[in-house]
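Note sheet for the following structure.
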Amino acid sequence: DVELVESGGGSVQAGGSLRLSCAASGYTYGSYAMAWFRQAPGKEREGVAAIDHDGSTTYVDSVKGRFTISQDNTKTTLNLRMNSLKPEDTAIYFCAADPRSFEKWQLLRPLAYVYWGQGTQVTVSS
């Protein structure tokens with residue numbers, strides 16, 4: 001089975017930076033679309049950034065210019081560099097992966113992904 005394990009969460013002050021990583025194992029297909037989602041208390045899970053099979057990326061408007069999604073050369077480690085963090089970025093961040101091909105608009109939709117990590121907490125204080 002595919003396993004996704006996130007790391008790198010923590011607590012920072014507003015304006016600070018964090019780097020999240022997601023280690024994937026058990027892949028059986030040649031490539032996977034991967035994404036970062038987040039969920040704040042009382043809110044729905046929100047797509048933050050995604051990287052498609054061809055390496056193209058997409059971001060939710062609220063993080064454009066601040067967050068950068070990337071993969072290592074093996075495409076089994078997904079990273080999220082988060083700069084200029086704001087209190088509203090506070091949430092549990094989840095890594096997700098799926099071997100299917102999606103339209104671009106689907107890449108930030110939770111229902112598109114079959115594999116999920118357990119999440120890592122990010123807390124940004126003002």
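Note on Val60 and Trp116: separate hydrophobic clusters, where clusters join Ile, Leu, Val, Met, Phe, Trp and Tyr whose side-chain heavy atoms are under 4.5 Å apart, directly or indirectly. No chain of hydrophobic side-chain contacts below 4.5 Å, direct or via other Ile, Leu, Val, Met, Phe, Trp or Tyr residues, connects Ile51 to Phe94. When hydrophobic clusters are built by joining Ile, Leu, Val, Met, Phe, Trp and Tyr residues whose side-chain heavy atoms come closer than 4.5 Å, directly or via intermediates, Ile92 is not grouped with Val12. If you chain together hydrophobic residues whose side chains sit under 4.5 Å apart, Val5 and Val122 never meet in one group. In terms of hydrophobic clustering, with Ile, Leu, Val, Met, Phe, Trp and Tyr side chains grouped at heavy-atom distances under 4.5 Å, Phe102 and Val114 are assigned to different clusters.
Using a distance-only test at 3.5 Å, with no hydrogens or angles considered, a donor-acceptor pair links the side chain of Tyr59 to the main chain of Ile69. Here the side chain of Asp98 pairs no donor or acceptor atom with the backbone of Ala33 at under 3.5 angstrom. Under a 3.5 Å cut-off, the side chain of Asp52 and the backbone N or O of Gly55 do not form any donor-acceptor pair.
Within 6.0 Å of atom CZ in Arg66, more than 12 heavy atoms from other residues, nucleotides or ligands are found, so the atom counts as buried in its surroundings. Other residues, nucleotides and ligands contribute only 12 or fewer heavy atoms inside 6.0 Å of the CD atom of Gln118. Within 6.0 Å of CD in Gln13 there are 12 or fewer heavy atoms belonging to other residues, nucleotides or ligands. Crowding of Lys43 atom NZ: a count of heavy atoms from other residues, nucleotides or ligands under 6.0 Å not exceeding 12.
Rounding to the nearest 0.5 angstrom, the gap separating the CD atom in Glu3 from the SG atom in Cys95 is 11.0 Å. Rounding to the nearest 0.5 Å gives a distance of 6.5 Å between CG of Asn83 and OG1 of Thr68. Here the straight-line distance linking atom CG of Asp72 with atom CG of Leu78 works out to 9.0 Å at 0.5 Å rounding. We find the OH-CH2 distance between Tyr93 and Trp36 to be 10.0 Å, quoted to the nearest 0.5 Å. How far CG of Leu80 is from OG1 of Thr120: 11.0 Å, rounded to the nearest 0.5 Å. Expressed to the nearest 0.5 Å, how far CG of Asp89 lies from OG of Ser84 amounts to 9.5 Å.
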Test side chain to side chain contact (heavy atoms under 4.5 Å, CB included) applied to Leu20 and Glu6, step by step: CA-CA 7 Å; Leu20 305 183; Glu6 301 96 338; over 6 Å; no
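Using cut-offs of 30° and 60° on the angle between ring planes, the pair Tyr113 and Phe37 is perpendicular.
Here Lys64 pairs with Asp61 in a salt bridge; the nearest charged N to carboxylate O distance falls below 4.0 Å.
Put simply, the side chain of His53 does not reach to within 4.5 Å of the side chain of Tyr29, judged on heavy atoms. Contact check for Tyr32 versus Lys75: no side-chain heavy atoms found under the 4.5 Å cut-off. Two residues are said to be in side-chain contact when any heavy atoms from C-beta on lie closer than 4.5 Å; Asn79 and Arg81 fail this criterion.
Closest approach of Ser62 and Glu46 over heavy atoms only: OG-OE2, 4.3 Å. Considering all non-hydrogen atoms of both residues, Leu4 and Cys22 come closest at CB-SG, 3.9 Å. Summarising the geometry of Pro99 relative to Tyr115, their closest heavy-atom pair is CD-CE1, 4.1 Å, with the distance given to 0.1 Å. Nearest approach of Phe67 to Arg38, heavy atoms of both residues: CE2-NH1, 4.1 Å. Here the shortest heavy-atom pairing between Thr90 and Ala40 reads O-CB, 3.7 Å. When all heavy atoms of Ala97 and Tyr27 are compared, the pair lying nearest together is CB-OH, 3.4 Å.
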